[in-house]
Participant: 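Next up is a structure, given as structure tokens.
Bear in mind that the values here come from a model prediction, so they are computed numbers and not experimental data. FYI, the numbering just counts along the sequence from 1.
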Amino acid sequence: MFGSDSNKEATRSVFLSSIKGLANTGAVAAAFFLTPLFYSQTVGWIRSFTTVHYGAVWADLSDFAWFVIVALLTFFVARASVSTLLMMGGLAIATKFM
């Protein structure tokens, strides 16, 4: 019918924006809970590496930079994982009904 392609495109756009929103929300939650765990397990090694190779003056700055790096890595890995899982799940459900 008239406009069926635009209707499909609008539905696809809503679906993809919902996937993006869910992935971002899940990634924020994962980063909130997992960043302190990963950071606390690795900051000692980062601090000693920085002290040995760059001097003790840079240790505090490297601690902060490492926290930001761990938070960003956790967020982006979680977002990629969640969005992939949601897309595959959505496609599996869609193909089951077609």
Side-chain angles (χ1 to χ4, degrees):
M1 282 268 167
F2 291 43
S4 68
D5 288 338
S6 65
N7 189 18
K8 286 181 182 178
E9 187 63 34
T11 303
R12 184 177 296 132
S13 176
V14 168
F15 175 74
L16 291 177
S17 66
S18 296
I19 294 295
K20 186 177 178 181
L22 283 170
N24 285 335
T25 303
V28 167
F32 179 79
F33 289 111
L34 296 177
T35 297
L37 298 174
F38 294 147
Y39 176 77
S40 66
Q41 294 295 316
T42 57
V43 71
W45 184 84
I46 294 298
R47 181 176 271 277
S48 66
F49 180 87
T50 303
T51 302
V52 167
H53 294 287
Y54 300 105
V57 175
W58 294 98
D60 290 334
L61 179 62
S62 71
D63 288 353
F64 176 74
W66 184 243
F67 181 81
V68 172
I69 290 168
V70 168
L72 290 173
L73 282 172
T74 305
F75 173 80
F76 286 115
V77 167
R79 185 171 74 171
S81 301
V82 170
S83 64
T84 302
L85 287 173
L86 289 172
M87 284 294 280
M88 291 302 139
L91 290 174
I93 291 170
T95 57
K96 197 165 222 159
F97 289 117
M98 291 185 154

Participant: Mind checking what makes side-chain contact (heavy atoms from CB on, under 4.5 Å) contact with Leu72, not counting sequence neighbours?
Facilitator: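 Listed in chain order: Val68, Phe76.
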Participant: By ring pair (Phe, Tyr, Trp, His ring centres under 6.0 Å), which residues pair with Phe67, not counting sequence neighbours?
Facilitator: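 Testing Phe67 for ring pair (Phe, Tyr, Trp, His ring centres under 6.0 Å), a comparison that skips the adjacent residues, returns Tyr39.
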Participant: Listing request: all side-chain hydrogen bond (donor to acceptor under 3.5 Å, both in side chains) pairs with a residue in residues 56-75, at least two apart in sequence or in separate chains.
Facilitator: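 side-chain hydrogen bond (donor to acceptor under 3.5 Å, both in side chains) check on residues 56-75 returns Thr42-Trp66, Arg47-Asp60, Arg47-Asp63, Thr50-Ser62.
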Participant: How long is the straight-line distance from CG of Asn24 back to CD1 of Ile19, given to the nearest 0.5 Å?
Facilitator: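 Result: 11.5 Å between the selected atoms.
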Participant: Report, one line per pair, each donor and acceptor closer than 3.5 Å where one atom sits in a side chain of residues 29-36; sequence neighbours left out.
Facilitator:
residue : atom : partner : partner atom : Å
Thr35   : OG1  : Ala31   : O            : 2.7

Participant: Sequence neighbours left out, what passes side-chain contact (heavy atoms from CB on, under 4.5 Å) with Val77? Give chain and number order.
Facilitator: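 With sequence neighbours excluded, Val77 shows a side-chain contact (heavy atoms from CB on, under 4.5 Å) to Ser81, given in chain and number order.
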Participant: Shortest non-hydrogen contact from Ser83 to Ala23?
Facilitator: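 Heavy atoms only, the tightest pair is CB-CB, 3.6 Å.
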Participant: Would you please classify the geometry between the His53 ring and the Phe49 ring as parallel, tilted or perpendicular, with 30° and 60° separating the classes?
Facilitator: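 Tilted, since the angle between the ring planes falls between 30° and 60°.
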Participant: Can you list every salt bridge (charged side-chain N to carboxylate O under 4.0 Å, His left out) pair that touches residues 73-94, not counting sequence neighbours?
Facilitator: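 For residues 73-94, and leaving out neighbouring residues, there are no salt bridge (charged side-chain N to carboxylate O under 4.0 Å, His left out) pairs at all.
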Participant: In this structure, would Val43 and Phe38 fall into the same cluster of hydrophobic residues linked by side-chain contacts under 4.5 Å?
Facilitator: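 Hydrophobic grouping puts Val43 with Phe38.
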Participant: Any chain of hydrophobic side-chain contacts (each under 4.5 Å) joining Val57 to Phe64?
Facilitator: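 No; Phe64 is not reachable from Val57 via cluster members.
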Participant: Applying the 4.5 Å side-chain criterion to the ILVMFWY set and letting contacts propagate, would Leu85 and Leu22 be lumped into a single cluster?
Facilitator: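 No.
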